[in-house]
There are 2 protein chains.
Amino acid sequence: MLSATEENYLKALIKISEKNSVDGKVGTNELAVDLGVKPATVNDMLKRLKDKKLIDYEKYGKIKITKSGKKSGIEIIRRHRLWETFLFDKLKFTWDEVHEVAELLEHVNNPKLIERLDEFLNHPQFDPHGDVIPNSKGKIIIHFKKTLSNAKVGQAVKMVAMKENSDVLLKHLFELGLGINKTLKVIKIQPFDLSMNILVDKKAITISNKLAENIFVVCKECKVIGECNKKMCELE
Amino acid sequence: MLSATEENYLKALIKISEKNSVDGKVGTNELAVDLGVKPATVNDMLKRLKDKKLIDYEKYGKIKITKSGKKSGIEIIRRHRLWETFLFDKLKFTWDEVHEVAELLEHVNNPKLIERLDEFLNHPQFDPHGDVIPNSKGKIIIHFKKTLSNAKVGQAVKMVAMKENSDVLLKHLFELGLGINKTLKVIKIQPFDLSMNILVDKKAITISNKLAENIFVVCKECKVIGECNKKMCELE
DNA sequence: TATAAAAGTTAGGTTAATCTAACAAAAATT
DNA sequence: AATTTTTGTTAGATTAACCTAACTTTTATA
Ligand SMILES: [Mn+2]
Ligand SMILES: [Mn+2]
Ligand SMILES: [Mn+2]
Ligand SMILES: [Mn+2]
């Protein structure tokens, strides 16, 4: 059994090692900054995590999460993102409110709860920020995401994520009636500035090329999103 | 801010003092047994709870929860019962599975979460065990519950709770198609053994007087359940 | 009422998670 | 290569929540 604190270390380790994509190794100070604690505190915890075989680590060396550590960590990320989806879809929290509450809910460890929640939410693939929700086997489906600016006239695409999570972008999208999982159909592209006329919820709107470059989409017809731009998808 | 442990002490205190209805005072050992810890541990915590003005307590004296302690405690009970309702109504957990998970979820302290959950569940008044859910002001609507055995021929009543929560009773009710919030109409009462013919979901069933004495009901017509057997309610 | 039983307290110890302050090793810069 | 900066470790404290063992007070009962 993992404590909430240990769970947070694993999440942080996964997040940072994804950023440090060279070798996926992480430093003590880096972890301390991310978790908002002192390096001495991290050092203590590293010993416990090593004992539990959740990390590989030698004194003065770099930290590397183990297979087992990653498995647990991904499970926490799954819980976090499912709760975010619940809060957004069902309880009508806004995009920027969900994270804080999910930070608490993610530590409630009951497998049946998470499976039932997943079912209740209709096995969502993305959380409200467009991040992929790992499946119940801990597998993260890799999405070959393209931006809306790659879509062609006449094409229908599904919005799956945003390039950044800033408030200005979010508010802008909200005002335009855009959001995760919405279906967009490209009506026209202006050759001059590449701005697009698109159809959302039967309403025609115009969006700039700059905005289109910040919206990740997948081909509407693709059932298996992970295989999107391989065979049938028209997005390039 | 209260820790999960402190919250559990307040819940236990409210539960036990309701049972010790003479003066509502509780002893150290009693609390220890209920919480599954040693009396010495309780003694430690009593000092902390007293410092936080959540209990009144003098050395070798009895423990009495304060106004403020009760307010917090009822808030936890509200969360617990709302989560139980969520698990039962939305995630299709069974009656006997919800408590364990709600024990964890109840400690997630976010007011907006609870208000939204309450809304999402349509402001339920009872949890899946028939216990009253305190409202957002911490008020517990007092129900003048009567057992089904008090109902008269021709009367329609709503099932609100069970006298006990045993598995045998639950299974029996389930097999008969009975459950919380179901509307029951009394068709006939056998003078010999007081067994009842009742209508549930348009189906006629027969139940023994013993069972009828274990089912709490309120008059179907009463909007304000708390005022049930005062004015309009036919139940006596 | 004296004594035994029950209830409650205290002292001293443990563990997880945090801290500060001092120190040591590794890396970067001159 | 020497020095400085950055990074990481250790020692020693603290706090909440638990424990055991010994002790004290209250209550019950012979
Ligand atoms: Mn988040
Ligand atoms: Mn967290
Ligand atoms: Mn319960
Ligand atoms: Mn609890």
Side-chain angles (χ1 to χ4, degrees), chain A residues 1-13 16-17 19-20 22-65 69 72-73 76 103-104 106-107 109, chain B residues 1-13 16-17 19-20 22-65 69 72-73 76 103-104 106-107 109:
Chain A
M1 227 18 18
L2 299 176
S3 69
T5 310
E6 288 169 329
E7 291 189 340
N8 287 337
Y9 272 76
L10 294 181
K11 272 207 313 175
L13 240 15
I16 300 171
S17 63
K19 206 176 55 198
N20 300 358
V22 202
D23 53 0
K25 289 187 176 173
V26 179
T28 304
N29 286 1
E30 221 173 347
L31 244 188
V33 168
D34 188 276
L35 292 165
V37 295
K38 292 289 138 82
T41 304
V42 169
N43 200 267
D44 254 15
M45 179 60 95
L46 292 182
K47 286 162 193 163
R48 265 174 279 151
L49 294 176
K50 197 192 169 180
D51 284 349
K52 292 195 173 187
K53 300 195 194 307
L54 296 164
I55 58 168
D56 287 329
Y57 162 71
E58 296 307 325
K59 213 211 266 193
Y60 290 108
K62 290 288 170 186
I63 310 153
K64 177 97 195 267
I65 195 164
S72 298
I76 323 298
E103 276 301 304
L104 304 174
E106 73 187 7
H107 301 296
N109 183 1
Chain B
M1 226 17 21
L2 299 176
S3 69
T5 309
E6 289 169 327
E7 291 188 341
N8 286 336
Y9 272 76
L10 294 181
K11 271 207 313 173
L13 240 16
I16 300 172
S17 62
K19 206 177 54 196
N20 299 357
V22 201
D23 55 359
K25 289 188 176 172
V26 178
T28 305
N29 286 0
E30 221 174 347
L31 243 188
V33 168
D34 189 276
L35 292 165
V37 296
K38 291 290 137 83
T41 304
V42 169
N43 201 267
D44 254 14
M45 179 61 95
L46 292 183
K47 287 161 192 162
R48 264 174 279 151
L49 294 177
K50 196 190 170 180
D51 284 348
K52 292 194 172 185
K53 300 195 194 307
L54 296 164
I55 58 168
D56 287 329
Y57 161 72
E58 296 306 326
K59 212 211 265 195
Y60 290 108
K62 290 288 169 186
I63 310 153
K64 178 98 195 267
I65 196 164
S72 298
I76 322 298
E103 277 301 304
L104 304 174
E106 72 186 9
H107 301 297
N109 184 0

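No experiment lies behind these values; they were computed from the predicted model shown.
Under 4.0 angstrom from either OP1 or OP2 of dA21(D) there lies no side-chain N or O belonging to Lys38(B). For the pair Thr41(A) and dC19(C), the criterion of a side-chain N or O lying under 4.0 Å from OP1 or OP2 is met. For the OP1/OP2 pair of dT9(C) and a distance below 4.0 Å, the side-chain nitrogens and oxygens of Tyr57(B) include at least one atom meeting the criterion.
In this structure, NZ in Lys62(A) is found 13.0 Å from CD1 in Ile55(A), a value given to the nearest 0.5 Å. Atoms CD and CG, on Glu7(B) and Leu10(B) in that order, are 7.5 Å from each other to the nearest 0.5 Å. If you take CD1 on Ile63(A) and CD on Glu30(A), they are separated by 8.0 Å, rounding to the nearest 0.5 Å.
Residue Thr5(A) is classed as a sugar-phosphate contact, given heavy-atom separations below 4.0 Å to backbone atoms only.
Although no hydrogens or angles enter the test, the distance criterion places a donor-acceptor pair under 3.5 Å between the side chain of Lys50(B) and the main chain of Tyr57(B). The backbone N or O of Lys64(A) lies less than 3.5 Å from no partner atom in the side chain of Asp56(A), so there is not a single donor-acceptor pair.
Taking the side chain of Arg48(A) as heavy atoms from C-beta on, and the options dT10(D), dA7(C), dT18(C), the nearest nucleotide is dT18(C).
Counted within 6.0 Å of NZ on Lys53(B), heavy atoms from surrounding residues, nucleotides or ligands total 12 or fewer; the atom is thus considered open.
Between the two ends of the helix from dT1(C)-dA30(D) to dT30(C)-dA1(D), each summarised by a five-pair axis, the helix axis turns through 10° (rounded to 10 degrees).
Under the 4.0 Å criterion applied to side-chain N and carboxylate O atoms, Lys11(A) and Glu103(A) are assigned as salt-bridge partners.
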(request) Treat primed atoms plus P, OP1 and OP2 as sugar-phosphate and everything else as base, then score nucleotides 21-29 of chain C 5' to 3': B for base contact with protein heavy atoms under 4.0 Å, S for sugar-phosphate contact only, - for none. (result) ----S----

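Within residues 23-34 of chain A, no residue has a heavy atom under 4.0 Å from DNA chain C.
A side-chain contact (heavy atoms from CB on, under 4.5 Å) with Leu2(B) is found for exactly one of Asn109(B), Leu54(B), Leu49(B), namely Leu54(B).
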